[in-house]
Peer 1: 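This is the structure I have questions about; it appears just below.
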Amino acid sequence: MQANKSRDTKPEVAMRRAVHALGLRYRVSARPLPNLRRTADMVFRGAKVAVFVDGCFWHGCPQHHTMAVSNRTYWANKVKRNVDRDSETDALLLEAGWLPMRFWEHEDPVLAAQEIAAAVRARRPA
């Protein structure tokens, strides 16, 4: 699993480029909440928006997730823990006044960027 990148994946970079092209600036792979040991792929501090680009295999995409052939139980538990942690992270962020936004790696980065831009602009302080 060491070969699996935790940041700068192709879908993540494509989405960052699309968001940047819309004129938005952000922190990359940053903790939205300093006391929470979890990082978002893009963080818009002023607007309190945290963006996550989830991999279909690792986060159990209902459309594209496939079960591993070998060591099935381990991988099923691993994905379940990831999904549970994602839900917990979203709840903690919402409780702290943040907007968590999650996108699957297969989603169109341009459409996702437009959705992100709308949310960030709506939540920016006046």
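This structure is a prediction, so every number in the text was calculated from the model and none was measured.
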Peer 1: Which pair of non-hydrogen atoms, one from W98 and one from A50, has the smallest distance, and what is that distance?
Peer 2: CE3-N, 4.0 Å
Peer 1: Flag yes if more than 12 heavy atoms outside R25 fall under 6.0 Å of its CZ atom; otherwise flag no.
Peer 2: yes
Peer 1: Under a single-linkage definition using a 4.5 Å side-chain heavy-atom cutoff for Ile, Leu, Val, Met, Phe, Trp and Tyr, are L33 and L94 assigned to the same hydrophobic cluster?
Peer 2: no
Peer 1: Please check if V43 and Y26 belong to a single hydrophobic cluster, counting links between Ile, Leu, Val, Met, Phe, Trp and Tyr side chain heavy atoms closer than 4.5 Å.
Peer 2: no
Peer 1: Between L36 and R31, does the side chain to side chain contact (heavy atoms under 4.5 Å, CB included) criterion hold? Intermediate values first, please.
Peer 2: CA-CA 7 Å; L36 184 63; R31 289 183 184 182; over 6 Å; no
Peer 1: Does CZ in R123 sit with more than 12 non-hydrogen atoms of other residues, nucleotides or ligands closer than 6.0 Å?
Peer 2: yes
Peer 1: Return the minimal non-hydrogen interatomic distance between A30 and P32, and the atom names on each side.
Peer 2: O-CD, 3.3 Å
Peer 1: Nearest 0.5 Å, what's the CG-CE distance between D41 and M101?
Peer 2: 13.0 Å
Peer 1: How far does CD of E115 sit from CD of E107, to the nearest 0.5 angstrom?
Peer 2: 7.5 Å
Peer 1: Between M15 and A112, what is the shortest heavy-atom contact and its length?
Peer 2: CE-CB, 3.7 Å
Peer 1: Assess, by modelled atom type and distance only, whether the side chains of R38 and T89 contain a donor and an acceptor separated by less than 3.5 Å.
Peer 2: yes
Peer 1: After noting the C-alpha distance and the side-chain angles of R16 and D8, does the key distance pass the salt bridge (Lys or Arg N to Asp or Glu O under 4.0 Å) rule?
Peer 2: CA-CA 9 Å; R16 287 196 323 234; D8 300 333; 2.9 Å; yes
Peer 1: So which heavy atom on G60 is nearest to which on W104, and how close?
Peer 2: C-CH2, 3.9 Å
Peer 1: Enter the distance from N82:CG to W75:CH2 here, rounded to the nearest 0.5 Å.
Peer 2: 9.5 Å
Peer 1: Taking ILVMFWY side chains as joined if any heavy atoms are under 4.5 angstrom apart, and letting links pass through other members, which residues group with L111?
Peer 2: none
Peer 1: Begin with the C-alpha distance, continue with both residues' side-chain angles, and end with the deciding distance and a verdict on side chain to side chain contact (heavy atoms under 4.5 Å, CB included) for V51 and F103.
Peer 2: CA-CA 8 Å; V51 177; F103 298 94; 4.0 Å; yes
Peer 1: Can you give me the closest heavy-atom contact between A117 and L24, atom names plus distance?
Peer 2: CA-CD1, 3.4 Å
Peer 1: Mark yes when over 12 heavy atoms from residues, nucleotides or ligands other than R17 sit less than 6.0 Å from its CZ; otherwise mark no.
Peer 2: no
Peer 1: What distance do R121 atom CZ and L22 atom CG have between them, rounded to the nearest 0.5 Å?
Peer 2: 6.0 Å
Peer 1: To the nearest 0.5 Å, what is the distance between NE2 (H106) and SG (C56)?
Peer 2: 5.0 Å
Peer 1: Quick one, D86 with F52, criterion side chain to side chain contact (heavy atoms under 4.5 Å, CB included). Give me CA distance, side-chain angles, the key distance, then yes/no.
Peer 2: CA-CA 9 Å; D86 292 345; F52 301 87; over 6 Å; no
Peer 1: With rounding to the nearest 0.5 angstrom, report the CE to OG distance, M42 to S29.
Peer 2: 11.5 Å
Peer 1: Report the C-alpha distance between L99 and F44 in whole Å, list the side-chain angles of each, state the deciding distance to 0.1 Å, and finish with yes or no for side chain to side chain contact (heavy atoms under 4.5 Å, CB included).
Peer 2: CA-CA 10 Å; L99 173 65; F44 300 86; over 6 Å; no
